[in-house]
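Here the structure comes first, spelled out in structure tokens, and everything after it is commentary.
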Amino acid sequence: MLLPVIECRWNLTPGEARLWQRQLAAAVRLEALAAPPRLIAGADTSYNRGSNRVAGAVVVWDTAERRVVAQASAVVDTPFPYVPGLLAMREAPALMPAFAALAVMPDLLMFNGHGTAHPARCGLACHMGVVFDLPAVGVAQQRLCGRHEAVGQAVGDGAPVILDNDPVGVALRTRRRCNPVYASPGHRADLAAARAVTLETTYGHRLPAPLREAHRLANAVRRSFTPCKD
DNA sequence: GCGACAG
DNA sequence: ATCTTGTCGC
């Protein structure tokens with residue numbers, strides 16, 4: 001395994017989880033990427049309503065060949081429900097083992113959710129980026145916090161998401177006539193990098209390919225353990 | 001107290 | 001997140 005299995009209690013209380021986020025936020029490093037990332041890992045989860053069985057999926061997208069070159073998944077039962085601001089408590093337990101099963105080391109991690117555009121500046125992308133100490137960015141479809149001006153209509157147009165006078169993310173138009181996505185750095189990356197990797201892997205779609213592929217895989221895994229009605 | 005609220 | 005048909009636009 002290239003990436004380690006991180007041991008931790010996932011049955012924390014919301015209060016304990018927020019204390020943990022405070023610690024993790026202090027470890028986040030916002031900086032320019034050391035090198036342009038060729039292999040981008042996209043991660044996502046899928047689960048049925050009312051169920052705690054979560055499918056975590058990770059794909060490695062080769063930006064040079066424009067294809068998935070590795071993938072891994074895991075199924076985990078997590079007691080923690082989805083709580084706005086505590087998404088990592090819900091999804092990380094399934095994503096960690098999926099990453100640990102990956103046979104290829106990615107250059108950057110991309111998550112379906114926010115990075116620093118989070119009330120505690122510690123969204124899912126920060127959480128995962130810090131525990132693995134790898135460059136990470138978050139791309140969400142909805143705003144969690146902060147405010148921003150209207151986004152231009154052209155692909156590539158963006159408006160910074162401001163939280164307490166700080167630009168913590170960017171609302172980005174990745175496709176015409178589609179709502180913008182929210183990109184923010186998670187760890188060992190900066191706002192410019194989050195914006196760039198998002199736009200560079202969109203290929204005419206609203207969401208970047210690593211996330212589209214991870215979503216597809218996570219859904220396939222979930223269906224594999226979901227009883228079908230005949 | 002009231003609204004907001006990633007997936 | 002997931003449950004779902006048709007439908008508008010490129």
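Just so it is clear: chains get the letters A, B, ... in the order the sequence lines come, proteins before strands, and each one is counted from 1.
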- [ ] Side-chain contact test, heavy atoms from C-beta onward, threshold under 4.5 Å: evaluate it for A:Trp61 versus A:Met110 and give yes or no.
- [x] no

Open item on the list: If you define the side chain from C-beta out and look only at heavy atoms, does anything of A:Pro14 sit under 4.5 Å from A:Val83?
Closed with: no

Open item on the list: Check this for me, if you would: do A:Arg188 and A:Asp133 make a salt bridge, where the nitrogen-to-carboxylate-oxygen distance has to be below 4.0 angstrom?
Closed with: yes

Phosphate OP1/OP2 of [N] contacted by [X] side-chain N/O (<4.0 Å):
X	N	value
A:Asn219	C:dT2	yes
A:Thr45	C:dA1	no
A:Tyr82	B:dA6	yes
A:His215	C:dA1	yes

Round to the nearest Å and state the distance from [X] atom [atom1] to [N] atom [atom2].
X	N	atom1	atom2	answer
A:Asn48	C:dC3	CG	C1'	10 Å
A:Arg206	C:dG9	CZ	C1'	17 Å
A:Met89	C:dA1	CE	C1'	17 Å
A:Leu211	B:dG7	CG	P	11 Å
A:Leu217	C:dA1	CG	C1'	16 Å
A:His118	B:dA4	NE2	P	19 Å
A:His205	C:dC10	NE2	C1'	13 Å
A:Phe225	C:dT2	CZ	P	10 Å

Open item on the list: What I want to check is whether the side chains of A:Asn48 and A:Arg222 have a donor and an acceptor closer together than 3.5 Å.
Closed with: yes

Open item on the list: Requiring both pairing distances under 3.5 angstrom, list the stems that contain DNA chain B and are made of three or more consecutive Watson-Crick or G-U pairs.
Closed with: none

Open item on the list: Run A:Met128 and A:Met96 through side chain to side chain contact (heavy atoms under 4.5 Å, CB included) and show every step you take.
Closed with: CA-CA 8 Å; A:Met128 300 293 289; A:Met96 295 288 189; 3.8 Å; yes

- [ ] Could you check whether the rings of A:Phe99 and A:Phe111 sit parallel, tilted or perpendicular, using 30° and 60° as the cut-offs?
- [x] tilted

Please determine, for the side chain of [X], which listed nucleotide ([options]) has the closest atom?
X	options	answer
A:Ala140	C:dA1, B:dC5, B:dG7	B:dG7
A:Leu144	B:dG7, C:dT2, B:dC5	B:dC5
A:Asp44	B:dA6, B:dG7, C:dT2	B:dG7

How would you label the contact of [X] with the nucleic acid (heavy atoms, under 4.0 Å): base, sugar-phosphate, or nothing?
X	value
A:Arg143	sugar-phosphate
A:Leu86	base
A:Asn52	nothing
A:Gly85	base
A:His127	nothing

Open item on the list: Using a 6.0 Å distance limit plus a 45 degree cone around the ring axis, check whether A:Arg90 lies over the aromatic ring of A:Tyr47.
Closed with: yes

- [ ] Report the residue (A:Arg222 or A:Arg177) whose heavy-atom-nearest nucleotide on DNA chain C is the more 5′ of the two.
- [x] A:Arg222

- [ ] Kindly check if the number of other-residue, nucleotide or ligand heavy atoms within 6.0 Å of CD (A:Glu16) is above 12?
- [x] yes

